[in-house]
Amino acid sequence: MQVLTKRYPKNCLLTVMDRYSAEVHNMEQVVMIPSLLRDVQLSGHGGQAQAEAPDLYTYFTMLKAICVEVEHGLLPREEWQAKVAGGEAEEAENGTAETEEVEDESASGELELEAQFHLHFSSLHHILMHLTKKAQEVTRKYQEMTGQVW
């Protein structure tokens with residue numbers, strides 16, 4: 001089987017996704033003992049810990065979970081709702097609200113699909129860039145903690 005190795009423009013979504021995936025895989029290879037990241041806060045600007053920020057272990061597990069979805073596709077809608085909502089009652093409420101929302105959009109007429117696409121596309125691009133930086137920060141902090149900084 002031949003593997004195509006096409007190079008994409010720097011700001012192409014595929015490039016950003018590849019960079020994110022590579023950083024998360026690097027993070028997984030460097031972080032041998034993820035439990036060391038528990039209760040360790042990421043320093044913000046000026047060396048101050050961010051108030052109410054999750055610990056590095058939370059970032060580590062979140063970044064890995066998102067990477068699985070980036071590489072393998074979306075979870076089925078039911079699994080994703082169960083994961084996010086954490087219960088059937090909230091899932092039922094969300095389903096009802098979404099149905100009403102879709103009916104409102106249909107009734108309001110033509111959807112501005114290009115504008116919606118651009119909004120979601122740019123948001124996804126921004127989020128992936130941010131998550132890539134978080135993966136780099138988790139890796140760097142773990143290396144500092146374990147004395148692996150060169």
Side-chain angles (χ1 to χ4, degrees), residues 1-34 36-38 40-86 90-91 94-95 97-106 108-146 148-150:
M1 187 170 134
Q2 185 178 4
V3 177
L4 298 175
T5 55
K6 182 177 179 187
R7 296 195 44 93
Y8 298 103
K10 179 182 176 185
N11 287 325
C12 174
L13 184 61
L14 297 173
T15 302
V16 174
M17 289 169 60
D18 285 346
R19 240 184 272 136
Y20 170 69
S21 182
E23 282 300 328
V24 171
H25 289 295
N26 181 49
M27 177 187 72
E28 288 179 299
Q29 289 178 346
V30 169
V31 179
M32 296 301 212
I33 307 169
L36 289 177
L37 300 172
R38 288 195 188 276
V40 176
Q41 297 296 315
L42 192 59
S43 297
H45 298 291
Q48 299 290 341
Q50 299 170 350
E52 303 295 321
D55 64 2
L56 292 181
Y57 183 79
T58 303
Y59 278 122
F60 179 81
T61 55
M62 175 194 66
L63 292 164
K64 281 179 46 176
I66 292 172
C67 190
V68 169
E69 288 192 38
V70 166
E71 292 176 343
H72 300 290
L74 293 173
L75 289 172
R77 183 181 176 105
E78 297 79 26
E79 287 181 39
W80 183 82
Q81 283 179 335
K83 180 179 177 183
V84 172
E90 288 183 36
E91 189 175 318
N94 289 342
E98 287 173 11
T99 303
E100 291 171 1
E101 198 173 291
V102 169
E103 289 171 0
D104 288 343
E105 287 178 356
S106 297
S108 69
E110 194 174 301
L111 296 176
E112 297 176 23
L113 294 177
E114 186 176 0
Q116 289 180 3
F117 172 80
H118 187 269
L119 172 69
H120 292 295
F121 184 83
S122 62
S123 296
L124 179 60
H125 188 278
H126 175 76
I127 289 167
L128 284 169
M129 296 282 287
H130 182 75
L131 292 173
T132 300
K133 289 177 184 175
K134 286 295 181 193
Q136 292 169 341
E137 292 173 10
V138 169
T139 302
R140 180 189 50 77
K141 186 68 172 181
Y142 181 84
Q143 288 175 324
E144 285 176 7
M145 291 170 47
T146 59
Q148 297 177 20
V149 177
W150 300 299

Might you point out which heavy atoms bring Pro34 and Tyr57 nearest each other, and give the distance in Å? O-CD1, 3.3 Å

Straight-line distance of Leu37 CG to Lys141 NZ, nearest 0.5 Å: 10.5 Å

About how many Å separate CD1 of Ile66 and CG of Leu131, when rounded to the nearest 0.5 Å? 4.5 Å

Non-neighbouring partners of Val30 that pass side-chain contact (heavy atoms from CB on, under 4.5 Å), sequence neighbours left out: Asn26, Thr139, Tyr142, Gln143, Gln148

Return the set of residues passing side-chain contact (heavy atoms from CB on, under 4.5 Å) with Thr58 (not counting sequence neighbours), or none when no residue passes. Pro54, Asp55

Do Glu137 and Lys134 meet the salt-bridge criterion of a basic N to acidic O distance under 4.0 Å? yes

Tyr59 OH to Gln41 CD distance, which is reported to the nearest 0.5 Å: 8.5 Å

Could you list the donor-acceptor pairs under 3.5 angstrom formed by side chains in residues 11-20, with sequence neighbours left out?
unit_1: Thr15; atom_1: OG1; unit_2: Pro9; atom_2: O; d: 2.9
unit_1: Arg19; atom_1: NH2; unit_2: Lys10; atom_2: O; d: 2.9
unit_1: Tyr20; atom_1: OH; unit_2: Leu63; atom_2: O; d: 2.7

With sequence neighbours excluded, what pairs up with His25 under the side-chain contact (heavy atoms from CB on, under 4.5 Å) test? Ser21, Glu28, Cys67, Glu71

Identify the two heavy atoms, one from Val24 and one from Lys64, that lie closest to each other, and give their separation to 0.1 Å. CG1-CA, 4.2 Å

